[in-house]
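Reviewing the structure listed below.
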Number of protein chains: 2
Amino acid sequence: MNIGEAARSSGVSAKMIRHYEAIGLLSPAARSRSGYRIYSDSDVYALRFIRRARDLGFSLHQIKQLLELWRDRRRSSADVKRIALAHVDELRRKIAELESMARTLEHLARHCHGDHRPECPILDDLAAPAGAAARRTKRPSYASPDKTDERHARRSPHPAR
Amino acid sequence: MNIGEAARSSGVSAKMIRHYEAIGLLSPAARSRSGYRIYSDSDVYALRFIRRARDLGFSLHQIKQLLELWRDRRRSSADVKRIALAHVDELRRKIAELESMARTLEHLARHCHGDHRPECPILDDLAAPAGAAARRTKRPSYASPDKTDERHARRSPHPAR
DNA sequence: GTGGGGCTTCCCACTCTGGGAAGGTCAAGT
DNA sequence: ACTTGACCTTCCCAGAGTGGGAAGCCCCAC
């Protein structure tokens, strides 16, 4: 089958199939005499594998490793599990990060009248000095407290480095 | 002050400050005779505002709007609140998506021995046709229960990933 | 043989951030 | 003065992942 049909039956766009081939995630497809890419059923299975893995949020790098393990009959399930759990950790980390942002914003929005008047705790928070904002959201400041002195230190003859 | 000091005292890298200027998020900085960018305290406040907004996950586009509102004394807090709540919705949507991925993977990983043997439910899931995979994880899909066909629907629009 | 839809490659867009090269500038120490 | 090292400038390139679109060839049914 041609790339269009492979795309339709795998859920991966033709554009992406070519891209995956270009970056080495897939081995180059066979070609017809006129240069069209030709796909077999097993190619489509691999594409579905990729699609499903993308849906679960795996990076293309991880998918490459998973594909290799999938094709290796002598693999250890431990290797697969390791990749999956590392990804879960990453997902949990991101979720916590987003959750923290959402909570902060919800809190601020609750205290914003949301009317025609200009006063707004949301803008006040954004405009607040880093330290104050950091204290309010319970996240460490991005600037260490002694940064001010560091500037002077760097001006000295032989900065520590 | 020069860009380096502005960067250190705002938490935004010099690289990014130049970039924000280039894309019009910031108006062009004043220059010294030798061409160095010069920043005032109020420029630093704006940079901190941007930094804080980035920490809360706002896109540069939203930040541009927030900056304009911040500077507009005749603003309506409703406009600010609208932007913030739209962002919260987006965050909640992403959280739900990641949460669903994480739950699916945790479920699969729990059933994977993770030893030297090749058998692995994780790979089995990835390799299975979409429908079957969804059924095996005991959830119609990682999205809402009434969207079993979402995988197909998502082919055209684009998922935020 | 013609038209429409599929295929090819190639470049550009987006998001946001960083790396690094080549070169000019400033301020200090020798 | 001269050197040195930190700092600044611009410009290009990289990533991750996807899409849009142009220019041009191919295939098949009518």
Crowding at NE2, A:H113 (>12 non-hydrogen neighbours, <6.0 Å):
no
Could you walk me through whether B:R51 and B:D55 pass the salt bridge (Lys or Arg N to Asp or Glu O under 4.0 Å) check?
CA-CA 6 Å; B:R51 167 72 201 221; B:D55 284 347; 3.4 Å; yes
Within 6.0 Å of CZ in B:R31, more than 12 heavy atoms from elsewhere:
yes
Whether A:R18 contacts C:dT8 is assessed here as follows: a side-chain N or O lying under 4.0 Å from the phosphate OP1 or OP2. Is that the case?
yes
Which whole-number value in Å describes the distance from B:N2 CG to D:dG5 C1'?
15 Å
Would you mind reading off the distance between B:E5 atom CD and D:dA6 atom P, rounded to a whole angstrom?
18 Å
Excluding sequence neighbours, so at least two apart, what forms salt bridge (charged side-chain N to carboxylate O under 4.0 Å, His left out) with A:E99?
A:R103, B:R92
For a 4.5 angstrom cut-off between non-hydrogen side-chain atoms, does A:I83 reach A:L69?
yes
Could you give the CD1-to-C1' distance, from B:I3 to D:dA6, as a whole number of Å?
15 Å
How does each nucleotide of nucleotides 14-22 of chain C score, in 5' to 3' order, for protein heavy atoms under 4.0 Å: base (B), sugar-phosphate only (S), or none (-)?
--SBSBB--
Please check if the side chain of B:T104 supplies one atom and the backbone of B:S100 the other of a donor-acceptor pair under 3.5 Å.
yes
Let me see the working for B:E5 and B:R8 under salt bridge (Lys or Arg N to Asp or Glu O under 4.0 Å), right down to the final yes or no.
CA-CA 5 Å; B:E5 192 180 340; B:R8 281 187 297 274; 5.5 Å; no
In whole angstrom, give the distance that lies between atom CD1 of A:I17 and atom P of C:dT8.
10 Å
Closest contact, heavy atoms only, A:I122 versus A:A109:
CD1-CA, 4.1 Å
Whole-Å distance, A:E21 CD to C:dC7 C1', equals 13 Å
Net bend of the helix from C:dG1-D:dC30 to C:dT30-D:dA1, end axes of five pairs each, nearest 10 degrees
30°
Expected string for nucleotides 25-30 of chain D under the B/S/- scheme (protein heavy atoms, under 4.0 Å, primed atoms plus P, OP1, OP2 as sugar-phosphate) is -BS---
Please confirm whether the shortest side-chain N or O distance from B:R37 to OP1 or OP2 of D:dC7 is below 4.0 Å.
no
Solution key, residues 13-24 of chain B side-chain donor-acceptor pairs under 3.5 Å, sequence neighbours excluded:
{"residue": "B:S13", "atom": "OG", "partner": "B:M16", "partner atom": "N", "Å": "3.1"}
{"residue": "B:E21", "atom": "OE1", "partner": "B:A29", "partner atom": "N", "Å": "3.4"}
{"residue": "B:E21", "atom": "OE1", "partner": "B:R37", "partner atom": "NE", "Å": "3.0"}

Quick one: are A:S9 and A:R48 in side-chain contact, heavy atoms under 4.5 Å?
yes
Whole-Å gap separating P (D:dC8) and CZ (B:R31):
12 Å
Whole-Å gap separating P (D:dG15) and NZ (A:K64):
13 Å
Listing request: all salt bridge (Lys or Arg N to Asp or Glu O under 4.0 Å) pairs with a residue in residues 58-72 of chain B, at least two apart in sequence or in separate chains.
none
